[in-house]
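Below, all heavy atoms of this structure are taken into account, side chains as well, without hydrogens, waters or symmetry copies. We name chains A, B, ... by the order of the sequence lines, and we start the count at 1 in each one. Because the structure is a prediction, the values reported are computed rather than measured.
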Number of protein chains: 2
Amino acid sequence: MITIKDVAKEAGVSVATVSRVLNNKGGAKPETITHVENVIKKLNYKPNKIAKSLSEGSSNLIALLVPTLNNPFFPELVREIEKVANENGYNVYLCNSDDDRMKVEYYLESMIDHYVSGAIINSLHVDASDLAELEKRGIRTITIDRANFEHPYSAITVDHTLGAQLAVTHLIRDEKCNNIVFISGPKNEKSAIDRLTGFTLALNEAGHPVKTHICYGDFGTASGYENTKALIQNGHSFDSIFCANDAMAIGAMRACHEFGIKVPSEVKIVGYDNISLASYMYPTLSSVDQCKEDIGRLAVNELIQLIKNPKNKQKQYELEPKLVIRNSSTINGGSINE
Amino acid sequence: MITIKDVAKEAGVSVATVSRVLNNKGGAKPETITHVENVIKKLNYKPNKIAKSLSEGSSNLIALLVPTLNNPFFPELVREIEKVANENGYNVYLCNSDDDRMKVEYYLESMIDHYVSGAIINSLHVDASDLAELEKRGIRTITIDRANFEHPYSAITVDHTLGAQLAVTHLIRDEKCNNIVFISGPKNEKSAIDRLTGFTLALNEAGHPVKTHICYGDFGTASGYENTKALIQNGHSFDSIFCANDAMAIGAMRACHEFGIKVPSEVKIVGYDNISLASYMYPTLSSVDQCKEDIGRLAVNELIQLIKNPKNKQKQYELEPKLVIRNSSTINGGSINE
DNA sequence: TTGAAAGCGCTAACAG
DNA sequence: CTGTTAGCGCTTTCAA
């Protein structure tokens, strides 16, 4: 293991000088700088980030807490966040809670243990006091979506009321549906509640009565499948299904297929998240796009500036979703490229 | 921030004693131990892992380098590995290379910077000298699959020759296919080569001539789609497609759908990986199961024992894949639960 | 059974 | 412009 001391000795300067060069702190003769840089190269020296973190009292690690990796939306989000974080010299400590409070607690502690300098939180199982605890320990936080509680910290949400409204209006107005099933997420969840609001808004705007049925899933593919299967088996009739995420929509579509129900001619389906697989489903899946890219970029940028300027005020952002219409909800749906 | 010193002061002992209690080093009076433990609890003290790592010269971080998060197989594998690592007190530093050599290099350096104590490597863009460099720096390594080169370090592979053979034999013997398209992975890739070997073996075993066509994808859904589309548009006829992974199989299936080709009655499709979505496709996707769970558990356990016993010899493991038959390759395919 | 103190590799006053 | 030195929080000899 080759250290800053070795470099200093070899270069005939002090460790302080090497440190200055390393961190571009300036205040060193240009020749000294080049000389030191050459020695660093020659020795193939790599600063030890652990030591740096300890010394500075903070790391270049950003924690990213996600509820699951099972739902394709999250790997896609992880990817975006990782990319932007790397661009800015930060590394991501991925914490997959598997929707389990125990794991959330494990990871919250782990974040503290690892001196992460900030955390991007996306979990149902985190509450305001958890965030407060992190902030108290000097870890800046930002929540993404699904935050089902009030808190004074930075937050990014997507306007799920609007998202649901777009989807349901599409079903009612464009597709003349009048018997809609809404497979929601867990009842206590803010995004589920918001989407229900949007659902209701769209119904009100319809100007004519529309039959509805609401059931509750857990955002897993299986729950979309089981809910739909149960409805069919119970003889419940419907002409469309709006699912609170794509995973459940895929499950719902599967159930329809199994019972020989044609999508979209007999039942139209719209999902939420616009995962990349949506355009490869059969039929291609209409979905509300949450703009993962925007969420990811915004989350990292906001967090970094919180880290760099500790006195900055937290901000709240709300993004606008877009409806992407494909074949699962309309006969004239888009092609693979949409 | 509350440190070991605070605990020591509050407990009226030295930091050395607190450290002993913390790490169950023994050699302390039982009463002292309980007393210190109480103070720790009372103060809600958490040892700083950064400091611990620096002091010990190693962290409890395991790096996990994956080629992509786009292909659902990898999030599923990540999840397994993370789970087992956590059970053993290790945390995972997820490195997603997006199949890009630049990113691989970035992460290899980052692993060194972060003093990870071991690395699980799954990437086409890592070679023996990269592994040697890590090992030289005291980072134990284990490769998973896809290692397209020889190296003396620990490795886990799946018998892809067998996997391909199972799939193709199924198509030939069970389904009487005699015009098979094989959508392979990148040409230079070991797993692709092995699968080709298995493909050939199955053909030889058939005992009668079978027409074949081989094309090369990149494991992305789009490449399965494009390859299949091109074949169809070129008027190439075939009665079955074997894809080197499920993502491409989903793309291939999509292309068939678009051209009104019925799966499985006109064309049978088998994928590889057995991702969880396979049983929700329409039709459900037959696939070769790589046993992610076994791979993950084995990788972590092997790595941990390498870390703990530096003089232990590296080992090579080869796992056996299993064919899971569903509806995409047979009329009498399995149900959702298979 | 315990404590004092050196040291892990780096940063950042402070002094020169 | 550069060097000295005191930490960052923890582990671990070595003595007591």
* **Neighbours of DNA chain D within residues 55-63 of chain B, by heavy-atom distance under 4.0 Å** => B:S55, B:E56
* Asked: Partners of B:K136 by salt bridge (charged side-chain N to carboxylate O under 4.0 Å, His left out), sequence neighbours excluded?
  -> B:E133
* Would you say B:K52 reaches D:dT11's phosphate, i.e. side-chain N/O to OP1/OP2 under 4.0 Å? -> yes
* Ignoring hydrogens and angles, tell me if any N or O in the side chain of A:T143 forms a donor-acceptor pair with the backbone of A:A155 under 3.5 Å. => no
* **NZ/NE/NH1/NH2 to OD/OE distance under 4.0 Å, B:K46 and A:D113** => no
* To do: Report the end-to-end axis angle of the helix from C:dT1-D:dA16 to C:dG16-D:dC1; each axis comes from five terminal pairs, and the value is rounded to 10°.
  => 40°
* Side-chain heavy atoms of A:R140 within contact of A:Y153, under 4.5 Å -> no
* Asked: Heavy atom of residues 106-118 of chain A under 4.0 Å from DNA chain C: which residues?
  -> none
* To do: Output all residues satisfying ring-ring contact (aromatic ring centres under 6.0 Å, His included) with B:Y93, sequence neighbours left out; order by chain, then residue number.
  => B:H114
* Can you check whether A:I295 reaches A:I144 side chain to side chain, under 4.5 Å on heavy atoms? -> yes
* To do: Let me know the distance between CE of A:M1 and C1' of C:dC8, rounded to the nearest Å.
  => 11 Å
* Which parts of residues 8-25 of chain A get close to DNA chain D, meaning a heavy atom less than 4.0 angstrom away? -> A:G12, A:V13, A:S14, A:V15, A:A16, A:T17, A:R20
* Asked: If you look at every heavy atom in B:I112 and B:L134, which pair is closest and at what distance?
  -> CG1-CD2, 4.1 Å
* Asked: In whole angstroms, how far is the C1' atom of C:dG9 from the CD1 atom of A:I4?
  -> 8 Å
* Can you name the one residue among A:V300, A:L94, A:V92 that meets side-chain contact (heavy atoms from CB on, under 4.5 Å) with A:E82? -> A:V92
* Look at B:R101 together with B:D130 and state whether they make a salt bridge at an N to O cut-off of under 4.0 Å. => yes
* Rounded to the Å, how far apart are A:H35 NE2 and D:dC1 P? -> 17 Å
* Asked: Heavy atoms under 4.0 Å, any strand shown: does A:T32 hit a base, just sugar-phosphate, or nothing?
  -> sugar-phosphate
